[in-house]
Amino acid sequence: MDQDVSKPRVVVGVDGSPSSFEAVRWAVRYAGFVGGAVEAVAAWEVPLYGWSAPAVDMYIDEEATREQMRQELTEVLGAEAAAKVHTRMAHGNPAEVLLRAAEGAEVLVVGNRGRGGFARVMLGSVSQRVAAHAACPVVIVRSEET
């Protein structure tokens, strides 16, 4: 990893939702207070229901998705602050990806509500899961839009 390991790591989950944008803002402010480095983590998973295969294309253009993430971070934080945020993308269950990413972190920051909907209700809340299982403090940031 190309990060300075002497700085406290502030891990933040991002998914493009208003809550995750608030979480990113909070993480950047907090990192400024503690002299930390922000790591924005995005995860994706195509859920399988029952025995049938998903009815969607499972191919993800990681480079295009990474560029979209960078653009969104720039819109949310401004170019200077966004350039200081390390980004990581991973395929897998979002809660599990965030829990692994937060190992050894100062804090894990997530929004209170992501892009979900009905499927999110069925699968459970990422914020609830990481709050219950993280090995570091967890901050759940509420968006005014939720």
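Index from 1, following the sequence.
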Handout entry: SB check R129 E96 (cutoff 4.0 Å)
Key = yes
Practice task
With the side chain counted from C-beta on, respond yes when W26 and V139 share a heavy-atom pair under 4.5 Å apart, and no when they do not.
Solution key: yes
Handout entry: Nearest non-hydrogen partners of V97 and H91, listed with the distance
Key = CG2-O, 4.3 Å
Handout entry: Close side-chain approach of V12 and E39, heavy atoms under 4.5 Å
Key = no
Practice task
Determine the sole option in V24, V28, V10 for which the side chain to side chain contact (heavy atoms under 4.5 Å, CB included) test with V109 is passed.
Solution key: V10
Exercise for the section: Taking the side chain as every heavy atom from C-beta outward, state whether V38 and K84 have any atom pair closer than 4.5 Å. Expected result: no
Problem - Flag side-chain contact, heavy atom, 4.5 Å: V11 against V41 - result: yes
Fill in the blank from the handout: Heavy atoms of A31 and A37 approach each other most closely as CB-N, 4.5 Å
Practice task
Provide the closest heavy-atom pair for G35 versus P8 in the form atom of the first, atom of the second, distance.
Solution key: O-CD, 3.6 Å
Handout entry: Side chain proximity check, V141 to N112, heavy atoms < 4.5 angstrom
Key = no
Handout entry: E103 CD to L98 CG distance, which is reported to the nearest 0.5 Å
Key = 11.5 Å
Handout entry: Among S125, P94, S127, side chain to side chain contact (heavy atoms under 4.5 Å, CB included) partner for V110
Key = S127
Completion exercise
To the nearest 0.5 Å, atom CG of L77 lies from atom CZ of F21 at 9.5 Å
Handout entry: Distance-only polar pair, side chains of S17 and S19, donor-acceptor under 3.5 Å
Key = no
Exercise for the section: Nearest 0.5 Å please: distance from the CD atom of E67 over to the OG1 atom of T87. Expected result: 10.0 Å
Practice task
Output yes when E22 and R142 qualify as a salt bridge under the 4.0 Å nitrogen-oxygen rule, no when they do not.
Solution key: no
Practice task
Please report the shortest heavy-atom distance between A43 and G92, naming the atom on each side.
Solution key: CB-O, 4.0 Å
Handout entry: Heavy-atom pair with the smallest gap, counting every atom of R88 and A101
Key = NH2-CB, 3.0 Å
Practice task
Considering non-hydrogen atoms only, spot the tightest contact between H133 and L99 and give its length.
Solution key: C-CD2, 3.7 Å
Exercise for the section: Measure the shortest side-chain to side-chain distance between V107 and C136 over non-hydrogen atoms and say whether it is less than 4.5 angstrom. Expected result: no
Problem - Side-chain donor-acceptor contact under 3.5 Å, Q71 with E75 - result: no
Fill in the blank from the handout: One should read off an interatomic distance between M69 CE and R66 CZ, to the nearest 0.5 angstrom, of 8.0 Å
Practice task
Kindly say whether A82 contributes a backbone atom to a donor-acceptor pair with the side chain of R70 at under 3.5 angstrom?
Solution key: yes
